[in-house]
Amino acid sequence: MSRYEHKSIEAKWQDRWEKQHAAEVDLRDSKNKTYMLMMFPYPSGDRLHVGHGRNYILGDALYRFLRMHGRRALNPMGWDAFGLPAENAAIQRGVHPRDWTLDNIKVMKQQFKRWGILYDWSKEVTSCLPDYYRWNQWLFLRMLEKGLAYKKKAPVNWCPSCQTVLANEQVVDGHCERCGTAVVQRDLEQWFYRITEYADRLLAGLDTLPGWSERVKVMQRNWIGRSEGAELVFTIPALGESLTVFTTRPDTVHGATFLVLAPEHALAARLIAGRTDRAEIEVWIETVRNTPRIQREGVDAAKEGRDTGTVAINPATGEAIPIWLANYVLPDYGSGAIMAVPAHDQRDLSFARQESLPVRLVYHPTEGEVDPATMREPILHAGVIRGTGEFDGAVPGPETIRRFIDWAEKKGCGRGKVNYRLRDWLISRQRYWGTPIPIVYCTACGTVPVPEKDLPVTLPYEVEFTGKQGNPLTRSEPFVNVACPRCGKPAKRETDTMDTFVDSSWYYLRYVSAKDDQRMFDTDTANRWLPVDQYIGGIEHAILHLLYARFICRVLHDFGMVGFEEPFSNLFNQGMITRFSESSGRVEKMSKSRGNAVSPDPLIEEMGADTERVYTLFLGPPEDEVEWNDEAVSGAYRFLSRLWRAALRLEEAPPTAPSDEALERLRHSTIQRVSRDLERFKFNTAVAALMELLNGLTRALEERTASKICCQQCFDTLLQLLHPIAPHITEELWEQRGHEGSLLDSVWPEWDPARVKSDRVTLVVQVDGKLRDRVEVDADASEAEARAAALASAKVQEHLAGRAIVKAIVVPGRLVNVVTGR
RNA sequence: GCGAAAGUGGCGGAAUUGGUAUACGCGCUAGACUUAGGAUCUAGUCCCGAGCGAUCGGGUUGGGGGUUCGAGUCCCCCCUUUCGCACCA
């Protein structure tokens with residue numbers, strides 16, 4: 001073969017690798033060091049484009065690199081196969097979600113093969129098949145037993161278009177994440193996982209993950225939103241009741257001039273009972289209740305409130321203060337009620353000004369006076385307490401807060417309390433295409449869990465997709481009608497299915513026991529291979545998927561099923577590929593819906609998978625967002641063509657030549673550079689180093705300055721170092737060079753530090769920090785020798801021109817800086 | 001508003017972490033081989049000035065200041081961009 005025919009080469013090696021990988025790997029027998037590599041779960045509803053390629057190509061390159069280092073690595077792949085896209089496809093195109101999904105998976109497996117990606121398909125996991133999702137059900141039952149799964153009526157985000165409930169995190173700017181329709185509020189009975197129980201542990205665990213980026217950890221910390229403070233109790237004499245509020249500033253209680261309750265608060269109805277305009281207030285409460293959450297939140301949202309006409313007693317001052325209802329207090333954070341301290345809180349101050357409510361200072365400025373009635377900005381963390389007697393002189397800070405908590409506890413009107421922004425995980429979906437929740441409702445026995453022996457509760461294939469009125473499962477008679485597992489009388493199945501994040505929260509565990517039909521996974525094997533050594537994926541899952549997976553891992557840990565609490569030791573978030581989009585006229589994330597996606601198929605057809613791999617990895621630092629440039633791809637193709645031609649010219653090299661040492665030095669320094677770069681995922685600079693090595697070799701071949709043996713050795717090293725990035729062409733050339741066995745099984749080359757260095761080095765000579773000349777000296781030249789060589793330079797002498805030399809700084813092997821008395 | 005990261009040629013980006021700024025690639029320019037080329041190869045390509053010329057001088061890492069023999073890198077101020085959080089009491 002004389003020309004670089006990427007098509008036949010790639011097909012040949014892809015088939016070979018497929019055969020090599022057909023044998024099942026036994027994970028129990030693992031004497032070698034093991035390494036688990038994993039990609040983010042892929043939603044099977046979307047065909048792959050080159051924007052996705054970066055993720056998988058990077059993972060494959062890492063896998064091959066590890067293999068060549070003798071690491072026993074597992075690189076499995078699974079399908080996040082449930083979810084909305086499949087159900088939408090069913091409605092729009094009349095295809096069954098299951099058929100559509102399984103067809104997609106077949107196509108995508110072919111695409112992975114064409115990228116030259118080596119997955120261990122004997123560990124394949126498909127979440128929409130009963131052998132996988134039955135364990136979602138099994139886990140649900142265990143969590144139900146332990147009180148970690150529960151049902152409650154709750155206001156939820158409702159998408160009128162999808163006819164389904166959305167989690168807070170699926171609402172983007174008040175609109176449905178999937179379809180963009182404005183979201184409204186509704187009350188429904190929903191199943192939840194009690195993730196809030198694990199809030200503290202999930203937070204603390206982040207500090208044990210040095211292999212995660214600070215960025216992702218900050219996002220998770222914000223999401224969990226821990227805040228320390230106190231609960232204070234205010235009595236309501238008119239009702240003979242007391243009311244608890246949460247505050248992070250109990251030290252400002254003397255300045256609480258009114259209370260504010262969320263309009264949804266349980267006491268609201270009784271508080272307004274005596275008012276003549278009660279009916280109007282009730283209507284207003286309903287309006288607030290139905291306002292989409294996202295509209296109600298946000299800094300620019302207008303504050304609206306109503307006076308209940310009832311008063312409460314401030315426990316610090318003994319004063320009667322009014323109780324208000326207002327939309328800026330959220331019903332499901334803290335106790336849904338606050339003490340308003342307008343002098344020391346921005347939100348309370350703007351509400352007080354709007355409604356002409358009194359403002360009272362607790363912390364006074366240390367200099368000058370402030371008239372509370374005209375305050376525009378609250379005093380947040382400054383000043384000194386005056387006018388309270390026992391606390392006078394205190395300054396804001398943790399110690400003062402502690403004193404107030406002690407005071408409240410002694411007085412019986414409060415205690416220290418920690419609150420979280422994190423809310424329980426709503427797992428119910430009013431959808432067909434998901435894991436059925438294993439529950440039966442019986443008129444006699446109530447809510448009855450499906451016994452473990454009856455699992456899996458399989459999703460019926462025959463259902464009707466009208467696209468109207470939500471969940472088609474509710475209309476599937478054979479599914480819904482069932483005998484009560486407890487009393488045997490006719491009963492109805494739960495028709496809600498589970499959020500797909502349930503599937504993806506533990507699939508990494510299934511990889512090590514993919515075919516086990518007796519249990520969720522094998523604990524010993526899991527403990528041997530996991531936690532995942534390297535998890536690779538985009539930043540889009542920074543919160544949800546990764547938080548849920550960490551939660552479920554802890555649950556399984558507490559059930560004694562795994563020996564670790566953190567599932568992913570190292571997390572690498574690669575950046576997205578962007579491209580100019582004709583439709584918007586902007587550079588945007590590459591995606592099919594934006595019309596700026598590049599399909600891999602024509603590209604591979606024209607220039608080959610190796611070209612795409614080289615280009616994708618060369619594009620820029622893998623953690624950054626990078627822009628795809630159609631024209632620049634040819635640079636990668638030219639590089640591979642030059643490599644191919646160099647192979648043909650190796651034979652022409654002379655048997656002996658003068659410059660073997662220079663080429664050897666280049667070879668060793670390239671091994672060093674590439675090894676270091678790949679360890680740190682710096683594929684872009686690794687490719688650059690390999691291009692330089694090829695340039696050096698090509699030059700040596702052209703100028704006949706290196707011997708045949710030296711050129712061949714250099715070329716072989718180049719093939720090895722390039723293999724993780726361009727596997728097909730390197731395997732082919734390796735075989736043509738007459739080597740036995742696969743390049744993938746060859747041992748990664750080592751560099752000799754002694755060979756990286758040269759005997760002679762070029763020193764930069766500066767005069768007063770400005771570059772004036774370069775001189776060559778022995779690598780081990782002393783400072784004095786280096787200085788002498790520098791001063792001997794004619795150019796340097798010219799620039800010194802009679803000036804006095806104050807000193808000369810010598811950095812061995814690098815430079816000499818001559819400093820003059822200017 | 002709060003927090004984080006970043007800003008380097010026409011473009012994507014390098015720079016051993018304080019020591020030759022612009023590696024590698026795209027694009028562009030000139031030439032070669034071609035019937036032809038959006039193919040391939042060779043040479044050149046940060047900016048300004050001088051010279052026919054190999055070269056020589058000066059400037060340059062968003063802007064300004066500082067530390068240092070020496071700053072893209074460290075410190076301070078400002079500008080811009082991106083990302084995250086944002087009525088969570």
Side-chain angles (χ1 to χ4, degrees), chain A residues 213-216 218-223 225-227 229-230 245-250 252 256 260 262 296-303 326-330 332-341 344-348 350-351 419-423 539 542-543 575 614-615 618-621 623-639 641-642 645 669 672-673 676 682 684-695 698 702 762-774 795 798 806-820 822:
Chain A
S213 70
E214 206 47 44
R215 188 178 168 208
V216 171
V218 166
M219 283 163 81
Q220 292 220 348
R221 280 188 199 109
N222 284 341
W223 191 261
R226 179 190 156 98
S227 77
V245 303
F246 174 72
T247 176
T248 54
R249 296 295 301 276
T252 61
V260 188
R296 181 159 161 192
E297 294 176 22
V299 233
D300 7 288
K303 289 181 175 55
N327 61 348
Y328 79 95
V329 174
L330 306 174
D332 52 358
Y333 183 78
S335 58
I338 63 159
M339 65 174 195
V341 187
H344 305 296
D345 182 281
Q346 182 63 65
R347 298 150 301 183
D348 296 342
S350 53
F351 189 69
N419 247 323
Y420 298 91
R421 209 186 76 113
L422 181 71
R423 308 222 156 68
I539 195 77
I543 301 168
V614 168
Y615 178 65
F618 184 56
L619 212 43
E623 63 275 20
D624 289 359
E625 197 170 271
V626 289
E627 190 185 334
W628 184 270
N629 177 351
D630 295 291
E631 284 181 323
V633 184
S634 57
Y637 186 74
R638 267 177 230 157
F639 167 57
S641 304
R642 286 202 303 273
R645 281 198 301 272
S669 66
Q672 183 183 24
R673 281 174 70 185
R676 202 186 52 217
K682 294 227 151 214
N684 55 330
T685 51
V687 173
L690 291 165
M691 286 173 168
E692 285 180 62
L693 180 60
L694 178 61
N695 289 344
T698 308
E702 207 148 287
T762 302
L763 293 187
V764 165
V765 184
Q766 298 175 332
V767 176
D768 292 328
K770 286 200 172 173
L771 174 68
R772 293 305 177 193
D773 201 5
R774 297 179 173 84
K795 284 181 193 166
E798 206 176 298
V806 175
K807 59 178 168 177
I809 311 263
V810 179
V811 182
R814 281 199 193 280
L815 63 69
V816 179
N817 188 10
V818 183
V819 185
T820 70
R822 274 167 283 190

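All values reported here derive from a predicted model rather than from experimental measurement. Sequence lines set the chain letters: A, B, ... in the order given, protein chains first and strands last, and positions in each chain run from 1.
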(request) Check side chain to side chain donor-acceptor pair (under 3.5 Å) between A:E702 and all other residues, then give those that pass, not counting sequence neighbours. (result) none
(request) In whole angstrom, give the distance that lies between atom CZ of A:R421 and atom P of B:rC85. (result) 8 Å
(message) What I'd like to find out is whether the side chain of A:K770 reaches to under 4.5 Å of the side chain of A:V767, using heavy atoms alone.
(response) no
(message) Counting only side-chain heavy atoms from C-beta out, which of B:rA89, B:rC85, B:rC24 sits nearest to A:I338?
(response) B:rA89
(message) Between A:D345 and A:R249, does any NZ, NE, NH1 or NH2 come within less than 4.0 Å of an OD or OE carboxylate oxygen?
(response) no
Using a cutoff of under 3.5 Å, can you pull out all pairs of nitrogen or oxygen atoms linking the protein to nucleotides 41-46 of chain B, with atom names and distances?
unit_1: B:rC41; atom_1: OP1; unit_2: A:R645; atom_2: NH2; d: 2.5

(request) Quick one: the dot-bracket string of RNA chain B, using Watson-Crick and G-U wobble pairs with both distances under 3.5 Å, [ ] for crossing pairs and | for bases paired to another strand. (result) (((((((..(((......[....)))((((((.......))))))(((((....)))))..(((((..]....))))))))))))....
(message) Under 4.0 Å, counting only non-hydrogen atoms across every strand here, what does A:A688 touch: a base, just sugar-phosphate, or nothing?
(response) base
(message) When you compare the side chain of A:M691 with that of A:L693, does any pair of heavy atoms fall below 4.5 Å?
(response) no
(request) List in chain and number order the residues that pass side chain to side chain donor-acceptor pair (under 3.5 Å) with A:R814, two or more places apart in sequence or in another chain; answer none if no residue qualifies. (result) none
(request) Grab the CZ-C1' distance between A:F639 and B:rG25 for me, whole Å please. (result) 11 Å
(message) Syn or anti for B:rG9, given that syn means the glycosidic angle lies within 90° of 0?
(response) syn
(request) Take atom P in B:rA23 and the same atom in B:rG9, then report the distance between them in whole Å. (result) 13 Å
(request) For B:rC78 versus B:rC24, give the span between their C1' atoms, rounded off to a whole number of Å. (result) 35 Å
(request) For A:V260, report the nucleic acid contact type (base, sugar-phosphate, nothing); a contact means any heavy atom under 4.0 Å. (result) nothing
(request) Rounded off to whole Å, could you give me the CH2-to-P distance for the A:W628 and B:rG25 pair? (result) 18 Å
(message) Measuring only the P atom in each nucleotide, how far is B:rU16 from B:rU73? A whole number of Å is fine.
(response) 13 Å
(request) Quick one: list whatever passes salt bridge (Lys or Arg N to Asp or Glu O under 4.0 Å) with A:E631, sequence neighbours left out. (result) none
(request) Determine: side-chain N/O of A:S350 to OP1/OP2 of B:rC87, distance under 4.0 Å, yes or no. (result) no
(message) Under the rule for side chain to side chain donor-acceptor pair (under 3.5 Å), what residues qualify as partners of A:D348, not counting sequence neighbours?
(response) A:Y328
(request) Would you confirm whether A:Y615, through its side chain, and A:N629, through its main-chain N or O, come within 3.5 Å as a donor-acceptor pair? (result) yes
(message) Without decimals, in angstroms, what is the distance between A:D773 CG and B:rU55 C1'?
(response) 14 Å
(message) Among residues at least two apart in sequence or on other chains, which ones pass salt bridge (Lys or Arg N to Asp or Glu O under 4.0 Å) with A:R772?
(response) none
(request) Could you list the residues that satisfy salt bridge (Lys or Arg N to Asp or Glu O under 4.0 Å) with A:E627, not counting sequence neighbours? (result) none
(message) For a 4.5 angstrom cut-off between non-hydrogen side-chain atoms, does A:R423 reach A:D332?
(response) yes
(message) Once salt bridge (Lys or Arg N to Asp or Glu O under 4.0 Å) is applied, do any residues pair with A:R774, and if so which ones, sequence neighbours excluded?
(response) none
(message) Give me the distance, rounded to whole Å, that separates B:rG62 from B:rG49 when you measure between the P atoms they each carry.
(response) 23 Å
(message) Expressed as a whole number of angstroms, how long is the span from A:E214:CD to B:rA4:P?
(response) 11 Å
(message) So if I take every side-chain heavy atom of A:S634 and compare against B:rC87, B:rC85, B:rC26, which nucleotide ends up nearest?
(response) B:rC26
(request) Under the side-chain contact (heavy atoms from CB on, under 4.5 Å) rule, collect the residues that match up with A:S227, sequence neighbours excluded. (result) A:F246, A:T248, A:Y333, A:N419
(message) With a 4.5 Å cut-off on side-chain heavy atoms, are A:L694 and A:L690 touching?
(response) no
(message) Could you tell me if the side chain of A:T698 sits less than 4.5 Å from the side chain of A:R645, heavy atoms only?
(response) no
(message) Is there a side-chain contact (heavy atoms from CB on, under 4.5 Å) between A:Q766 and A:I809? Walk through the geometry before answering.
(response) CA-CA 9 Å; A:Q766 298 175 332; A:I809 311 263; over 6 Å; no
(message) Roughly how many Å apart are B:rA50 and B:rG10, using the C1' atom of each and rounding to a whole number?
(response) 26 Å
(message) What's the gap between B:rG70 and B:rU20 when it is taken at their P atoms, as a whole Å value?
(response) 15 Å
(request) In whole angstrom, give the distance that lies between atom CZ of A:R221 and atom P of B:rA86. (result) 16 Å
(message) Measuring from the side chain of A:N695 (C-beta onward, heavy atoms only), which nucleotide among B:rC24, B:rA89, B:rC87 has the closest atom?
(response) B:rC24
(message) Using O4'-C1'-N9-C4 for purines and O4'-C1'-N1-C2 for pyrimidines, with syn meaning within 90° of 0, is B:rU61 syn or anti?
(response) anti
(message) Nearest whole Å is fine: how far is B:rA86 C1' from A:Y333 OH?
(response) 13 Å
(message) Can you check the distance between B:rC83 and B:rG31, where both ends of the measurement are the C1' atom (answer in whole Å)?
(response) 48 Å
Close N/O contacts between protein and nucleotides 58-60 of chain B (under 3.5 Å):
unit_1: B:rG58; atom_1: OP2; unit_2: A:R772; atom_2: NH1; d: 3.2
unit_1: B:rG59; atom_1: OP1; unit_2: A:K770; atom_2: NZ; d: 3.3
unit_1: B:rG59; atom_1: OP2; unit_2: A:K770; atom_2: NZ; d: 3.1

(request) Could you state the atom-to-atom distance from CZ of A:F246 to P of B:rA89 in whole Å? (result) 6 Å
(request) Can you check each nucleotide of nucleotides 8-20 of chain B against protein heavy atoms at under 4.0 Å and return B for base, S for sugar-phosphate only, - for none, in 5' to 3' order? (result) ----BSS-B--BB
(request) Taking atom C1' in both B:rU22 and B:rG7, compute the distance separating them and give it to the nearest angstrom. (result) 15 Å
